[in-house]
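These notes concern the structure reproduced below.
Labels below follow one simple rule: chain letters A, B, ... track the order of the sequence lines, proteins then strands, and each chain is numbered from 1.
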Amino acid sequence: MRTESCREWRTSLGAYALGQLPAEERAGLEAHLEGCAECRAEAESLRSLGKLMARADPARIVEPAPRPPAHLRERVETTIGAERASERRSRRRRRFGFALGGFATAAAAAVLALVVFGGGGATPPEQQVAFTNLPKGVEIDATLQPHAFGTEIRMYVGGIRSGTLCRVFLRGDDGRLYPAGSFRYRWGNDAEAILSSALDLSRTRAIGVHAGNRTFVAPVGPGGATASVPQLNEEEPT
Amino acid sequence: MSTFTRERDVREAYAAHSGELYGFAVRSLGDAGLAEEAVQETFVRAWRAGERFDPEIGSLRTWLFAILRNVVIDLGRARAARPGVAEGGIEPTVEPFEEALAAWQIEEAMRRIGEDHRRVIFETYYRGRPYAEVAAELGVPEGTVKSRVYYGLRALRVVLEEMGYED
Ligand SMILES: [Zn+2]
(Lines give C-alpha, C1' and ligand atoms only; values in the text may rest on other atoms or scores of the structure.)
Protein backbone atom coordinates (compact mmCIF):
# COMPACT_ATOMS: atom_id res chain seq x y z
CA MET A 1 0.00 0.00 0.00
CA ARG A 2 1.38 3.42 -0.93
CA THR A 3 1.45 5.96 1.85
CA GLU A 4 2.84 9.42 2.51
CA SER A 5 5.97 7.82 3.89
CA CYS A 6 6.44 5.94 0.60
CA ARG A 7 6.90 9.25 -1.13
CA GLU A 8 9.45 10.29 1.47
CA TRP A 9 11.43 7.09 1.16
CA ARG A 10 11.16 6.52 -2.56
CA THR A 11 13.92 8.87 -3.60
CA SER A 12 16.29 7.20 -1.17
CA LEU A 13 15.88 3.86 -2.91
CA GLY A 14 18.47 4.67 -5.56
CA ALA A 15 21.18 5.48 -3.04
CA TYR A 16 20.08 2.46 -1.02
CA ALA A 17 20.33 0.09 -4.00
CA LEU A 18 23.82 1.34 -4.76
CA GLY A 19 24.93 0.99 -1.13
CA GLN A 20 25.37 4.74 -0.71
CA LEU A 21 22.90 5.44 2.07
CA PRO A 22 24.31 6.47 5.51
CA ALA A 23 23.68 3.91 8.27
CA GLU A 24 20.98 5.75 10.21
CA GLU A 25 18.99 6.59 7.09
CA ARG A 26 19.33 3.01 5.91
CA ALA A 27 17.88 1.73 9.20
CA GLY A 28 14.86 3.98 8.79
CA LEU A 29 14.33 2.92 5.17
CA GLU A 30 14.65 -0.77 5.98
CA ALA A 31 11.99 -0.37 8.65
CA HIS A 32 9.69 1.06 5.99
CA LEU A 33 10.56 -1.68 3.49
CA GLU A 34 9.55 -4.33 5.97
CA GLY A 35 6.03 -3.04 6.00
CA CYS A 36 5.77 -1.98 2.36
CA ALA A 37 5.80 -4.59 -0.40
CA GLU A 38 5.69 -1.99 -3.14
CA CYS A 39 8.84 -0.17 -2.05
CA ARG A 40 10.47 -3.52 -1.32
CA ALA A 41 9.88 -4.66 -4.90
CA GLU A 42 11.30 -1.42 -6.25
CA ALA A 43 14.35 -1.74 -4.00
CA GLU A 44 14.88 -5.30 -5.22
CA SER A 45 14.64 -4.28 -8.85
CA LEU A 46 17.10 -1.41 -8.40
CA ARG A 47 19.46 -3.61 -6.44
CA SER A 48 19.71 -6.11 -9.30
CA LEU A 49 20.28 -3.18 -11.64
CA GLY A 50 23.09 -2.10 -9.32
CA LYS A 51 24.68 -5.55 -9.65
CA LEU A 52 24.60 -5.23 -13.42
CA MET A 53 26.08 -1.72 -13.21
CA ALA A 54 29.10 -3.11 -11.40
CA ARG A 55 30.11 -4.92 -14.58
CA ALA A 56 30.52 -1.77 -16.63
CA ASP A 57 33.88 -0.26 -17.35
CA PRO A 58 33.57 3.42 -16.28
CA ALA A 59 36.17 4.52 -18.81
CA ARG A 60 33.98 3.22 -21.62
CA ILE A 61 30.91 5.08 -20.36
CA VAL A 62 32.54 8.45 -20.92
CA GLU A 63 33.91 7.49 -24.32
CA PRO A 64 31.57 8.26 -27.21
CA ALA A 65 29.96 5.13 -28.65
CA PRO A 66 31.79 3.94 -31.76
CA ARG A 67 29.70 4.38 -34.88
CA PRO A 68 29.86 2.00 -37.83
CA PRO A 69 31.71 3.62 -40.75
CA ALA A 70 29.54 4.64 -43.69
CA HIS A 71 31.24 2.20 -46.07
CA LEU A 72 30.17 -0.76 -43.92
CA ARG A 73 26.57 -0.42 -45.00
CA GLU A 74 27.65 -0.46 -48.62
CA ARG A 75 29.80 -3.54 -48.02
CA VAL A 76 26.89 -5.38 -46.41
CA GLU A 77 24.54 -4.41 -49.23
CA THR A 78 27.02 -5.40 -51.93
CA THR A 79 27.73 -8.77 -50.34
CA ILE A 80 24.07 -9.61 -49.88
CA GLY A 81 23.29 -8.29 -53.35
CA ALA A 82 25.81 -10.77 -54.77
CA GLU A 83 24.30 -13.64 -52.75
CA ARG A 84 20.89 -12.65 -53.95
CA ALA A 85 21.99 -12.50 -57.58
CA SER A 86 23.38 -16.04 -57.49
CA GLU A 87 20.18 -17.23 -55.78
CA ARG A 88 18.10 -15.71 -58.54
CA ARG A 89 20.32 -17.28 -61.17
CA SER A 90 19.92 -20.76 -59.75
CA ARG A 91 16.19 -20.22 -59.27
CA ARG A 92 15.86 -19.18 -62.88
CA ARG A 93 17.86 -22.20 -64.04
CA ARG A 94 15.51 -24.43 -62.09
CA ARG A 95 12.47 -22.73 -63.58
CA PHE A 96 13.79 -22.94 -67.08
CA GLY A 97 14.78 -26.58 -66.64
CA PHE A 98 11.28 -27.29 -65.46
CA ALA A 99 9.75 -25.60 -68.50
CA LEU A 100 11.88 -27.65 -70.86
CA GLY A 101 10.99 -30.82 -68.99
CA GLY A 102 7.31 -29.97 -69.05
CA PHE A 103 7.04 -29.43 -72.80
CA ALA A 104 8.00 -31.78 -75.55
CA THR A 105 11.13 -30.65 -77.36
CA ALA A 106 9.06 -29.92 -80.44
CA ALA A 107 6.77 -27.68 -78.38
CA ALA A 108 9.77 -25.80 -77.04
CA ALA A 109 11.05 -25.34 -80.57
CA ALA A 110 7.66 -23.96 -81.59
CA VAL A 111 7.80 -21.41 -78.81
CA LEU A 112 11.20 -20.31 -80.05
CA ALA A 113 9.86 -19.96 -83.55
CA LEU A 114 7.10 -17.70 -82.26
CA VAL A 115 9.65 -15.54 -80.54
CA VAL A 116 11.79 -15.26 -83.62
CA PHE A 117 9.02 -14.47 -86.05
CA GLY A 118 6.76 -12.60 -83.71
CA GLY A 119 3.80 -14.81 -84.63
CA GLY A 120 0.39 -14.36 -83.06
CA GLY A 121 0.01 -17.30 -80.69
CA ALA A 122 -2.71 -17.53 -78.07
CA THR A 123 -0.29 -16.30 -75.39
CA PRO A 124 2.26 -13.71 -76.46
CA PRO A 125 5.65 -15.37 -76.15
CA GLU A 126 8.08 -13.78 -73.77
CA GLN A 127 11.78 -13.82 -74.18
CA GLN A 128 14.08 -14.01 -71.23
CA VAL A 129 17.44 -12.38 -71.63
CA ALA A 130 20.22 -13.03 -69.18
CA PHE A 131 23.23 -10.76 -69.11
CA THR A 132 26.32 -12.83 -68.50
CA ASN A 133 29.98 -12.00 -67.82
CA LEU A 134 28.92 -9.20 -65.53
CA PRO A 135 31.23 -7.89 -62.80
CA LYS A 136 31.08 -9.94 -59.63
CA GLY A 137 27.92 -9.30 -57.67
CA VAL A 138 26.11 -7.53 -60.48
CA GLU A 139 23.04 -9.10 -61.99
CA ILE A 140 20.89 -7.89 -64.84
CA ASP A 141 18.14 -9.77 -66.53
CA ALA A 142 15.26 -8.78 -68.72
CA THR A 143 12.04 -10.20 -70.02
CA LEU A 144 10.87 -8.93 -73.39
CA GLN A 145 7.29 -9.22 -74.49
CA PRO A 146 5.92 -8.31 -77.93
CA HIS A 147 2.94 -5.97 -78.12
CA ALA A 148 1.12 -4.17 -80.89
CA PHE A 149 2.89 -0.97 -79.82
CA GLY A 150 6.33 -2.55 -79.85
CA THR A 151 8.16 -4.29 -77.02
CA GLU A 152 7.56 -4.31 -73.31
CA ILE A 153 10.69 -4.73 -71.24
CA ARG A 154 10.77 -5.83 -67.63
CA MET A 155 14.24 -5.44 -66.25
CA TYR A 156 15.78 -6.52 -62.99
CA VAL A 157 19.08 -5.03 -61.86
CA GLY A 158 20.95 -5.97 -58.73
CA GLY A 159 24.31 -5.47 -57.13
CA ILE A 160 25.10 -1.99 -58.40
CA ARG A 161 25.31 1.22 -56.41
CA SER A 162 21.94 2.32 -55.09
CA GLY A 163 20.63 5.38 -56.89
CA THR A 164 22.36 4.59 -60.18
CA LEU A 165 20.52 5.84 -63.23
CA CYS A 166 19.94 3.01 -65.73
CA ARG A 167 19.09 3.94 -69.32
CA VAL A 168 17.82 1.07 -71.42
CA PHE A 169 17.99 0.74 -75.19
CA LEU A 170 17.27 -1.85 -77.84
CA ARG A 171 19.29 -2.39 -80.98
CA GLY A 172 17.29 -3.14 -84.10
CA ASP A 173 18.12 -5.31 -87.08
CA ASP A 174 19.05 -2.04 -88.82
CA GLY A 175 21.84 -1.54 -86.31
CA ARG A 176 20.22 1.54 -84.80
CA LEU A 177 19.72 2.08 -81.08
CA TYR A 178 16.19 2.65 -79.83
CA PRO A 179 15.90 4.24 -76.38
CA ALA A 180 13.55 2.33 -74.12
CA GLY A 181 13.39 4.65 -71.14
CA SER A 182 15.22 4.79 -67.88
CA PHE A 183 14.88 3.91 -64.23
CA ARG A 184 16.84 4.40 -61.08
CA TYR A 185 18.12 1.39 -59.23
CA ARG A 186 17.29 1.47 -55.53
CA TRP A 187 18.85 -1.02 -53.22
CA GLY A 188 16.23 -2.87 -51.25
CA ASN A 189 13.60 -2.52 -53.90
CA ASP A 190 13.00 -5.97 -55.31
CA ALA A 191 10.68 -4.85 -58.08
CA GLU A 192 11.44 -5.05 -61.78
CA ALA A 193 11.41 -1.87 -63.84
CA ILE A 194 8.80 -1.86 -66.58
CA LEU A 195 9.78 -0.06 -69.78
CA SER A 196 8.72 -0.01 -73.38
CA SER A 197 10.03 0.68 -76.85
CA ALA A 198 8.33 1.17 -80.20
CA LEU A 199 10.74 -1.33 -81.77
CA ASP A 200 9.12 -4.67 -82.53
CA LEU A 201 10.58 -7.58 -80.67
CA SER A 202 10.93 -9.45 -83.98
CA ARG A 203 13.29 -6.72 -85.14
CA THR A 204 15.24 -6.50 -81.88
CA ARG A 205 18.74 -7.91 -81.98
CA ALA A 206 20.15 -6.73 -78.66
CA ILE A 207 19.21 -5.06 -75.42
CA GLY A 208 21.54 -2.85 -73.47
CA VAL A 209 21.63 -0.72 -70.39
CA HIS A 210 23.85 2.22 -69.50
CA ALA A 211 24.30 1.97 -65.73
CA GLY A 212 26.41 4.78 -64.34
CA ASN A 213 29.43 4.92 -66.63
CA ARG A 214 29.20 1.32 -67.80
CA THR A 215 27.22 -0.27 -70.58
CA PHE A 216 26.02 -3.84 -70.66
CA VAL A 217 24.59 -5.47 -73.74
CA ALA A 218 23.04 -8.88 -74.34
CA PRO A 219 21.87 -10.32 -77.65
CA VAL A 220 18.20 -10.87 -78.32
CA GLY A 221 16.67 -13.09 -80.94
CA PRO A 222 17.22 -16.66 -82.15
CA GLY A 223 20.54 -16.98 -80.32
CA GLY A 224 19.31 -15.29 -77.15
CA ALA A 225 16.20 -17.36 -76.84
CA THR A 226 17.86 -20.74 -76.73
CA ALA A 227 18.67 -22.53 -73.54
CA SER A 228 22.36 -21.95 -74.09
CA VAL A 229 23.88 -19.02 -72.29
CA PRO A 230 23.77 -16.00 -74.60
CA GLN A 231 26.99 -14.34 -75.56
CA LEU A 232 27.54 -11.03 -73.88
CA ASN A 233 29.30 -8.14 -75.49
CA GLU A 234 30.20 -5.14 -73.50
CA GLU A 235 30.39 -2.22 -75.81
CA GLU A 236 29.81 1.47 -76.03
CA PRO A 237 26.73 2.33 -78.04
CA THR A 238 27.22 4.67 -80.94
CA MET B 1 6.53 -9.85 -42.19
CA SER B 2 7.39 -13.20 -40.74
CA THR B 3 10.81 -13.84 -42.20
CA PHE B 4 14.01 -12.03 -43.03
CA THR B 5 14.18 -12.65 -46.75
CA ARG B 6 13.92 -9.36 -48.60
CA GLU B 7 16.60 -6.77 -49.23
CA ARG B 8 14.26 -4.33 -47.55
CA ASP B 9 14.35 -6.43 -44.38
CA VAL B 10 18.13 -6.26 -44.39
CA ARG B 11 18.12 -2.53 -44.97
CA GLU B 12 15.70 -1.90 -42.13
CA ALA B 13 17.55 -4.23 -39.80
CA TYR B 14 20.82 -2.53 -40.67
CA ALA B 15 19.35 0.90 -39.95
CA ALA B 16 17.92 -0.26 -36.63
CA HIS B 17 20.68 -2.48 -35.26
CA SER B 18 24.02 -1.95 -37.00
CA GLY B 19 25.05 0.72 -34.48
CA GLU B 20 24.57 -1.58 -31.52
CA LEU B 21 26.06 -4.62 -33.22
CA TYR B 22 29.08 -2.62 -34.28
CA GLY B 23 29.48 -0.91 -30.91
CA PHE B 24 29.41 -4.20 -29.14
CA ALA B 25 31.69 -5.88 -31.70
CA VAL B 26 34.29 -3.14 -31.21
CA ARG B 27 34.14 -3.61 -27.47
CA SER B 28 34.25 -7.38 -27.71
CA LEU B 29 36.95 -7.72 -30.36
CA GLY B 30 38.92 -4.61 -29.49
CA ASP B 31 39.50 -3.79 -33.12
CA ALA B 32 37.47 -1.65 -35.51
CA GLY B 33 38.47 -3.65 -38.60
CA LEU B 34 37.51 -6.97 -37.04
CA ALA B 35 34.28 -5.42 -35.79
CA GLU B 36 33.38 -4.42 -39.35
CA GLU B 37 34.08 -7.92 -40.52
CA ALA B 38 31.91 -9.30 -37.71
CA VAL B 39 28.95 -7.03 -38.49
CA GLN B 40 29.12 -7.80 -42.19
CA GLU B 41 29.30 -11.53 -41.53
CA THR B 42 26.38 -11.25 -39.11
CA PHE B 43 24.11 -9.70 -41.73
CA VAL B 44 25.21 -12.18 -44.39
CA ARG B 45 24.50 -15.14 -42.12
CA ALA B 46 21.19 -13.61 -41.11
CA TRP B 47 20.33 -13.23 -44.77
CA ARG B 48 21.20 -16.85 -45.53
CA ALA B 49 19.18 -18.07 -42.57
CA GLY B 50 16.40 -15.54 -43.21
CA GLU B 51 13.65 -18.07 -43.61
CA ARG B 52 14.35 -19.43 -40.17
CA PHE B 53 13.84 -16.11 -38.40
CA ASP B 54 10.63 -16.24 -36.41
CA PRO B 55 9.54 -13.09 -34.57
CA GLU B 56 7.26 -15.24 -32.42
CA ILE B 57 10.33 -16.78 -30.81
CA GLY B 58 12.40 -13.67 -30.22
CA SER B 59 13.07 -10.18 -31.45
CA LEU B 60 15.15 -9.46 -34.51
CA ARG B 61 17.69 -7.78 -32.27
CA THR B 62 18.03 -10.87 -30.08
CA TRP B 63 18.40 -13.04 -33.18
CA LEU B 64 21.08 -10.78 -34.68
CA PHE B 65 23.01 -10.71 -31.42
CA ALA B 66 22.85 -14.51 -31.26
CA ILE B 67 24.35 -14.65 -34.76
CA LEU B 68 26.97 -12.06 -33.83
CA ARG B 69 27.87 -14.22 -30.85
CA ASN B 70 28.81 -17.10 -33.16
CA VAL B 71 30.63 -14.79 -35.51
CA VAL B 72 32.68 -13.31 -32.66
CA ILE B 73 33.55 -16.78 -31.41
CA ASP B 74 34.60 -17.85 -34.92
CA LEU B 75 36.70 -14.71 -35.37
CA GLY B 76 38.29 -15.26 -31.97
CA ARG B 77 39.18 -18.83 -32.95
CA ALA B 78 40.59 -17.72 -36.26
CA ARG B 79 42.67 -15.10 -34.50
CA ALA B 80 43.94 -17.59 -31.92
CA ALA B 81 44.86 -20.01 -34.69
CA ARG B 82 46.88 -17.34 -36.47
CA PRO B 83 50.55 -17.96 -35.76
CA GLY B 84 52.34 -15.38 -33.71
CA VAL B 85 49.45 -14.25 -31.54
CA ALA B 86 50.24 -16.48 -28.58
CA GLU B 87 54.00 -16.22 -28.93
CA GLY B 88 56.09 -14.94 -26.09
CA GLY B 89 53.79 -16.55 -23.54
CA ILE B 90 51.22 -13.75 -23.78
CA GLU B 91 47.74 -15.15 -24.11
CA PRO B 92 45.20 -12.58 -25.17
CA THR B 93 42.49 -12.45 -22.53
CA VAL B 94 39.09 -12.93 -24.03
CA GLU B 95 36.12 -11.85 -22.01
CA PRO B 96 33.32 -14.41 -22.17
CA PHE B 97 30.64 -13.27 -24.57
CA GLU B 98 27.78 -12.97 -22.08
CA GLU B 99 29.94 -10.98 -19.64
CA ALA B 100 31.00 -8.64 -22.39
CA LEU B 101 27.44 -8.27 -23.63
CA ALA B 102 26.11 -7.41 -20.18
CA ALA B 103 28.91 -4.91 -19.61
CA TRP B 104 28.45 -3.31 -22.99
CA GLN B 105 24.68 -2.99 -22.53
CA ILE B 106 25.02 -1.11 -19.27
CA GLU B 107 27.73 1.13 -20.72
CA GLU B 108 25.54 1.85 -23.72
CA ALA B 109 22.48 2.47 -21.52
CA MET B 110 24.51 4.86 -19.34
CA ARG B 111 25.47 6.80 -22.47
CA ARG B 112 21.82 7.07 -23.47
CA ILE B 113 20.27 8.47 -20.29
CA GLY B 114 20.07 12.22 -19.75
CA GLU B 115 23.17 14.16 -18.84
CA ASP B 116 21.86 15.20 -15.36
CA HIS B 117 21.15 11.58 -14.47
CA ARG B 118 24.34 10.20 -15.95
CA ARG B 119 26.45 12.79 -14.16
CA VAL B 120 25.26 12.02 -10.63
CA ILE B 121 25.36 8.25 -11.12
CA PHE B 122 28.80 8.46 -12.66
CA GLU B 123 30.25 10.71 -9.95
CA THR B 124 28.69 9.00 -6.93
CA TYR B 125 28.75 5.38 -8.05
CA TYR B 126 31.52 4.91 -10.59
CA ARG B 127 33.85 7.48 -9.07
CA GLY B 128 32.70 6.89 -5.49
CA ARG B 129 32.45 10.58 -4.59
CA PRO B 130 30.40 11.72 -1.58
CA TYR B 131 26.96 13.18 -2.28
CA ALA B 132 27.88 16.43 -0.50
CA GLU B 133 30.87 16.96 -2.75
CA VAL B 134 28.91 16.27 -5.94
CA ALA B 135 26.06 18.50 -4.72
CA ALA B 136 28.49 21.38 -4.07
CA GLU B 137 30.09 20.94 -7.46
CA LEU B 138 26.72 21.00 -9.21
CA GLY B 139 25.40 23.80 -7.00
CA VAL B 140 22.31 21.84 -5.94
CA PRO B 141 21.10 20.52 -2.56
CA GLU B 142 22.21 17.05 -1.54
CA GLY B 143 18.61 15.87 -1.67
CA THR B 144 18.54 16.74 -5.36
CA VAL B 145 21.57 14.56 -6.02
CA LYS B 146 19.87 11.75 -4.16
CA SER B 147 16.64 12.00 -6.13
CA ARG B 148 18.55 12.33 -9.40
CA VAL B 149 20.32 9.08 -8.60
CA TYR B 150 16.94 7.44 -8.05
CA TYR B 151 15.33 8.78 -11.22
CA GLY B 152 18.56 8.13 -13.10
CA LEU B 153 18.42 4.46 -12.14
CA ARG B 154 14.82 4.29 -13.26
CA ALA B 155 15.77 5.86 -16.59
CA LEU B 156 18.61 3.38 -16.92
CA ARG B 157 16.21 0.52 -16.31
CA VAL B 158 13.86 1.81 -19.00
CA VAL B 159 16.69 2.17 -21.52
CA LEU B 160 17.87 -1.37 -20.81
CA GLU B 161 14.36 -2.67 -21.34
CA GLU B 162 14.15 -0.76 -24.62
CA MET B 163 17.44 -2.30 -25.66
CA GLY B 164 15.91 -5.70 -25.02
CA TYR B 165 18.09 -6.58 -22.08
CA GLU B 166 17.13 -9.91 -20.59
CA ASP B 167 18.78 -11.14 -17.44
ZN1 LIG C 1 6.53 2.23 0.56
Side-chain angles (χ1 to χ4, degrees), chain A residues 7-22 25 42-43 45-85 87 158-159 162 186-191, chain B residues 6-12 14-15 18-23 25-27 32 35-36 39-44 46-48 99-100 102-112 118 120-122 124-128 130-131 143 145-154 156-157 160 165 167:
Chain A
R7 209 185 322 202
E8 279 169 40
W9 288 115
R10 267 288 152 116
T11 53
S12 297
L13 286 176
Y16 176 71
L18 299 181
Q20 299 168 331
L21 214 55
E25 236 182 296
E42 176 78 334
S45 165
L46 294 180
R47 218 208 287 263
S48 64
L49 177 61
K51 276 191 206 134
L52 181 64
M53 286 168 67
R55 300 194 189 184
D57 174 357
R60 292 183 195 267
I61 294 171
V62 291
E63 280 169 15
R67 301 298 308 163
H71 66 250
L72 181 56
R73 179 186 160 140
E74 212 167 290
R75 264 177 62 183
V76 168
E77 292 182 354
T78 305
T79 313
I80 289 176
E83 292 244 337
R84 187 161 185 282
E87 265 171 41
S162 187
R186 294 282 178 211
W187 199 89
N189 178 2
D190 296 342
Chain B
R6 299 171 309 169
E7 286 186 354
R8 189 178 299 142
D9 302 334
V10 179
R11 189 174 51 179
E12 284 168 5
Y14 189 91
S18 61
E20 284 187 9
L21 293 165
Y22 179 78
V26 169
R27 192 200 192 282
E36 277 185 44
V39 171
Q40 176 176 341
E41 182 64 15
T42 298
F43 279 99
V44 170
W47 167 259
R48 287 185 194 144
E99 289 286 310
W104 171 77
Q105 290 194 103
I106 194 83
E107 289 156 10
E108 180 65 20
M110 277 293 290
R111 282 192 286 260
R112 290 192 198 178
R118 180 172 52 246
V120 293
I121 293 175
F122 192 79
T124 65
Y125 180 72
Y126 287 106
R127 299 187 67 192
Y131 276 47
V145 174
K146 199 202 272 180
S147 73
R148 278 185 195 172
V149 167
Y150 172 63
Y151 289 107
L153 289 186
R154 288 176 61 112
L156 197 59
R157 190 169 57 189
L160 281 168
Y165 179 75
D167 54 347

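Residues K146(B) and Q20(A) are not in side-chain contact: their nearest non-hydrogen atoms beyond the backbone lie 4.5 Å or more apart. Put simply, the side chain of M110(B) does not reach to within 4.5 Å of the side chain of R60(A), judged on heavy atoms.
With a 4.5 Å cut-off on non-hydrogen atoms, T42(B) does not touch chain A at all. Contacts between F43(B) and chain A at a heavy-atom distance below 4.5 Å involve backbone atoms as well as side-chain atoms. With a threshold of 4.5 angstrom between heavy atoms, R127(B) does not approach chain A through any atom at all. The part of E108(B) that comes within reach of chain A is its side chain, from C-beta onward, which places non-hydrogen atoms under 4.5 angstrom from that chain.
Atoms CG and CZ, from L52(A) and R157(B) in turn, are 12.5 Å apart once rounded to the nearest 0.5 Å.
Not a single donor-acceptor pair under 3.5 Å links the side chain of Q40(B) to the backbone N or O of L72(A). When atom types are taken as modelled, the side chain of Y150(B) and the backbone of R10(A) share no donor-acceptor pair closer than 3.5 angstrom. Although no hydrogens or angles enter the test, the distance criterion places a donor-acceptor pair under 3.5 Å between the side chain of Y126(B) and the main chain of M53(A).
With chain B as partner, the option from P64(A), A65(A), P68(A), G81(A) having the largest number of non-hydrogen pairs under 4.5 angstrom is P68(A). The choice from R154(B), R48(B), R111(B) that makes the most heavy-atom pairs within less than 4.5 Å of chain A is R111(B). No other option in S12(A), G50(A), G19(A) has as many heavy-atom pairs under 4.5 Å with chain B as S12(A). The residue among V39(B), T124(B), L21(B) with the most heavy atom pairs within less than 4.5 Å of chain A is T124(B).
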Derivation of the salt bridge (Lys or Arg N to Asp or Glu O under 4.0 Å) call for E63(A) and R27(B): CA-CA 12 Å; E63(A) 280 169 15; R27(B) 192 200 192 282; over 6 Å; no
